There are 4 protein chains.
Amino acid sequence: MNQKSESHQQVKQPRGARRRARTRDSLLVAARKVFAARGYHDATITEITEAAAVGVGTFYLHFRDKEAIFNTVLAEGLEAIRRQVGEEIAHEDNPSLPVVVRAIFHQVYAQRDIIRIERTGEGVAARSSGPGILMETFTRFLEQAADLSPFSEEEIPLLAALLEGLMDRAFHCWWDEQDEPGPDLMADRVLHVMKHGFPASLFEEPQKPFFAPSAL
Amino acid sequence: MNQKSESHQQVKQPRGARRRARTRDSLLVAARKVFAARGYHDATITEITEAAAVGVGTFYLHFRDKEAIFNTVLAEGLEAIRRQVGEEIAHEDNPSLPVVVRAIFHQVYAQRDIIRIERTGEGVAARSSGPGILMETFTRFLEQAADLSPFSEEEIPLLAALLEGLMDRAFHCWWDEQDEPGPDLMADRVLHVMKHGFPASLFEEPQKPFFAPSAL
Amino acid sequence: MNQKSESHQQVKQPRGARRRARTRDSLLVAARKVFAARGYHDATITEITEAAAVGVGTFYLHFRDKEAIFNTVLAEGLEAIRRQVGEEIAHEDNPSLPVVVRAIFHQVYAQRDIIRIERTGEGVAARSSGPGILMETFTRFLEQAADLSPFSEEEIPLLAALLEGLMDRAFHCWWDEQDEPGPDLMADRVLHVMKHGFPASLFEEPQKPFFAPSAL
Amino acid sequence: MNQKSESHQQVKQPRGARRRARTRDSLLVAARKVFAARGYHDATITEITEAAAVGVGTFYLHFRDKEAIFNTVLAEGLEAIRRQVGEEIAHEDNPSLPVVVRAIFHQVYAQRDIIRIERTGEGVAARSSGPGILMETFTRFLEQAADLSPFSEEEIPLLAALLEGLMDRAFHCWWDEQDEPGPDLMADRVLHVMKHGFPASLFEEPQKPFFAPSAL
DNA sequence: GATGAATGAGCATTCATTCAT
DNA sequence: CATGAATGAATGCTCATTCAT
């Protein structure tokens with residue numbers, strides 16, 4: 001796509017190239033389905049090739065191994081989310097964090113399976129997707145923020161991680177539990193917490209003492 | 001601790017029961033080590049039994065399979081954290097959320113490997129450890145809170161999940177990255193965010209427009 | 001029982017000897033039950049010792065291995081049948097073959113499980129039970145028979161085997177099918193066949209031709 | 001038979017289908033050899049695959065487990081006997097029982113190992129081979145017989161079983177003992193017994209009384 | 001003698017990967 | 001390019017047997 005599709009050669013070699021690309025896509029689509037259904041570890045190459053309706057050997061013509069296709073599924077899925085978030089906020093001159101967060105909620109909701117898949121791989125994904133979209137975004141905003149007090153600049157990674165943790169849990173409500181609340185309401189709630197923290201009365205002394213040992 | 005407290009209890013079950021218990025412990029200790037080092041999926045029974053210096057067959061005398069010992073390692077590890085948190089806050093008449101959170105940071109820090117292990121199992125753990133210690137604790141506090149506005153009572157599970165997400169990411173800083181910041185500083189930071197949210201200037205319009213597509 | 005129970009020593013050493021004998025009996029009874037229920041190959045030593053309510057180690061104090069107890073169960077079971085057949089025909093001065101056959105049907109019916117057990121072991125039983133009770137009996141009668149024509153004396157083993165096959169199948173009707181017909185009726189039927197063969201019309205041309213290929 | 005009859009059917013499924021079939025056959029041939037030599041229970045998958053000169057994994061490409069290949073070996077072996085008996089008697093318009101019995105003796109003799117193999121599996125064979133070829137054949141003849149007296153029609157299964165028992169023992173003379181007498185002589189003997197029963201003098205009073213207890 | 005915890009050889013089974021067609 | 005039969009290393013698990021108590 002980037003090496004061969006030069007100038008006027010583009011239309012000139014649909015020989016096997018188009019076929020090849022179609023096969024590859026079948027595999028990616030199938031893999032996404034299988035990984036979502038069975039998780040990285042329980043998925044087998046055979047399951048994927050069967051779902052893709054291609055021979056087992058064909059798999060290795062397109063991907064080095066299971067990890068490779070997993071990373072590709074993930075990378076392409078995340079890239080799609082990234083792109084669509086970009087499109088959603090494209091009309092804004094200067095998108096604020098709330099606007100971006102809201103867009104992310106929309107797009108992640110639309111592609112919930114990718115989040116689930118990411119989880120099942122845990123340490124597998126060669127962290128190839130970089131520091132993660134969320135970390136990246138939050139870091140950017142944090143770096144541009146006028147005043148971080150009472151936090152220091154060294155704490156930007158920590159703050160980004162905490163923001164990510166917040167959103168991550170919100171996403172989780174969607175993956176095997178219910179589809180509610182929808183992305184807009186969810187964004188409201190999370191943004192409120194991001195801005196103002198949790199309800200103040202949470203931090204006051206509990207009225208009624210509760211049994212310590214089982215308290216935790 | 002278990003060898004000396006027999007003074008007036010010696011009659012328990014002297015036979016091979018002690019030997020049996022010791023072997024079981026070896027296996028648990030070994031499994032914890034192996035799971036922490038290699039993750040749930042890559043760990044093998046043989047690795048565990050070798051680390052425990054017992055025969056393979058012995059494993060099956062004590063645990064049905066890998067999943068069983070994994071759940072036990074986790075359950076006992078989490079129970080230990082739970083207990084120690086309880087002890088740490090035992091002197092408080094009415095421990096407030098910040099006190100409890102601080103204690104949790106202390107104890108989780110002291111047993112960081114359990115957190116790492118928990119993650120590698122992902123969907124494996126038969127969620128036997130219930131709704132998780134953190135969820136439990138936060139839910140309790142949220143239910144006792146005088147005023148949750150602007151949140152409703154139905155949103156308690158969501159709020160608990162968000163609080164958990166915050167702490168979870170904090171724990172993560174410890175698991176393959178560095179051991180810094182220590183639990184006390186970490187607790188300060190996280191509690192600040194919990195109480196007041198993130199720095200306000202984060203939510204203002206960014207001064208300098210930034211390149212949209214790659215913005216995300 | 002036969003080596004130590006001499007004269008007045010018999011009562012003199014019930015120290016551990018009686019206990020030992022009782023344990024051994026528990027094992028034999030348990031093994032008979034387990035072999036009957038699960039067959040030789042699927043039975044495990046542990047199952048037997050649990051059924052006998054003794055420790056695993058105890059097993060090896062009494063029997064060398066699984067095969068040994070199997071052979072013992074079989075040998076003692078067959079010996080019991082043998083003995084009881086002997087008792088049943090003891091009052092006869094000169095028991096004829098029909099009388100003996102009838103007694104065998106009675107006693108085998110009473111201990112059907114032994115027949116089932118024998119089968120599950122197939123080649124295992126170190127053919128220790130000799131040529132089998134039936135072979136032995138039939139051979140004896142055949143050797144005493146005045147006239148074997150049209151068979152020769154060399155064919156006695158074959159004839160004995162055929163007689164055994166007849167009875168064996170009769171026994172089989174009892175083992176997982178029904179308990180009918182009872183031993184007396186069965187003896188009638190089998191003895192009739194032994195004496196006169198099968199109904200003559202069986203050997204005439206079949207009236208209606210039947211489809212050859214599927215005929216067999 | 002399968003390689004030459006392609007002349008006008010070559011289009012079937014040329015690819016690896018032939019290779020696959022050849023491998024499957026190797027496995028079946030090897031399994032037959034191994035089961036005959038070591039019995040069902042002592043045979044291992046590895047032995048079979050080594051004898052077939054294929055990898056272990058290949059086995060599972062063709063058969064679910066040991067039981068599956070055992071049943072296939074048996075079913076195909078019995079089917080072959082069935083077919084060849086059918087061919088042997090094909091020229092007869094109306095084969096009588098003696099003719100069929102004789103043919104069975106011929107064919108079973110030619111494939112003695114199948115009988116041995118069947119025995120070693122005992123309860124394993126999912127009785128998939130139906131009620132057995134012999135039972136089937138005898139039942140058919142018995143149902144066509146004009147006169148069964150003194151037996152009733154309800155006793156047909158018993159009679160079939162007894163006939164089977166007779167032949168079964170005859171087959172047995174061949175399986176670990178000697179190859180004598182050959183199938184023709186054997187058929188003579190067995191058919192004689194079927195028609196006329198055993199020598200009459202067997203049922204007369206024994207001249208010499210014999211020692212009762214050990215008599216059996 | 002009795003016990004049962006421990007042992008480990010041995011077997012079944014899976015699945016990523018290769019390669020001849 | 002595509003195929004899918006073949007491969008075998010790797011792993012889980014069982015169970016007869018031993019031996020310290």
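Quantities reported herein were computed from a predicted structural model and do not represent experimental measurements. Numbered from 1 within each chain, the chains take letters A, B, ... in sequence-line order.
In this entry the distance linking NZ of Lys66(B) with C1' of dT11(F) reads 9 Å, nearest Å. For Glu50(A) and dT3(F), the CD to P distance is 13 Å, given to the nearest whole Å. Glu67(D) has its CD atom 16 Å from the C1' atom of dC11(E), to the nearest Å. Going from atom CZ of Phe59(D) over to atom P of dC15(E) covers 17 Å, rounded to whole Å. dA16(E) atom P lies 14 Å from atom CZ of Phe70(A), rounded to whole Å. Rounded to whole Å, atom C1' of dA16(F) lies 16 Å from atom CZ of Phe63(C). When rounded to the nearest whole Å, the span between CD1 of Ile69(A) and P of dA16(E) equals 12 Å. To the nearest angstrom, P of dT18(E) lies 11 Å from CZ of Arg64(A).
The phosphate of dG1(E) (OP1 or OP2) has no side-chain N or O of His62(C) nearer than 4.0 angstrom. Phosphate contact (OP1/OP2 of dT14(F), side-chain N/O of Tyr60(B), threshold under 4.0 Å): absent. Look at Thr58(A) and you won't find any side-chain N or O under 4.0 angstrom from OP1 or OP2 of dC1(F).
At a threshold of 4.5 Å between non-hydrogen side-chain atoms, the residues Thr46(C) and Phe59(C) do not count as touching. Within the 4.5 Å cutoff, the side chain of Leu28(C) has heavy atoms near those of the Phe63(C) side chain. You'll find the side chain of His62(D) reaches within 4.5 Å of the side chain of Arg20(D), heavy atoms only.
Of the possible donor and acceptor atoms, one in the side chain of Glu47(B) sits under 3.5 Å from a partner among the backbone N and O of Thr44(B). Side-chain N or O atoms of Lys33(D) include none that pairs as donor or acceptor with a backbone N or O of Ala52(D) at under 3.5 Å. Counting only distance, with no hydrogens or angles, the side chain of Thr23(B) and the backbone of Arg19(B) share a donor-acceptor pair below 3.5 Å. With hydrogens and angles disregarded, no donor-acceptor distance shorter than 3.5 Å links the side chain of Thr49(D) to the backbone of Gly55(D). Judged by distance alone, with hydrogens and angles left aside, the side-chain atoms of Thr58(A) form no donor-acceptor pair with the main-chain N or O of Val54(A) at under 3.5 Å.
Between His41(D) and His41(C), the ring planes lie parallel to each other; the angle is under 30°, not in the 30° to 60° tilted range.
Arg24(A) has a carboxylate O that lies under 4.0 Å from a charged side-chain N of Glu76(A), or vice versa, which qualifies the two as a salt bridge.
Residue contacts for Leu61(A): at a heavy-atom cut-off of 4.0 Å it reaches a base atom on one of the strands shown. Nucleic acid contact class of Thr49(A) (heavy atoms, under 4.0 Å, all strands): none.
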Reading DNA chain F 5' to 3', how would its secondary structure be written in dot-bracket notation, given Watson-Crick and G-U pairs with both distances under 3.5 Å, brackets [ ] for crossing pairs and | for partners on other strands?
.||||||||||||||||||||

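The side chain of Arg20(B) approaches dA6(E) more closely than any other nucleotide in the set dA9(F), dA6(E), dA12(E). Each of dA2(F), dT3(F), dT17(E) was ranked by its minimum atom distance to the side chain of Val54(A); first place goes to dT3(F).
Nearest-nucleotide mapping onto DNA chain F: of Asp65(B) and Ala21(D), the residue sitting toward the 5' end is Ala21(D). Take the nearest nucleotide of DNA chain F for Thr46(C) and for Ile45(B): the residue whose nucleotide is more 5' is Ile45(B). Ranked by how close their nearest DNA chain E nucleotide is to the 5' end, Ala53(B) and Ala53(C) are led by Ala53(C).
Of the residues in residues 24-44 of chain C, Ala43(C), Thr44(C) come within less than 4.0 Å of DNA chain F through at least one heavy atom, sorted by number.
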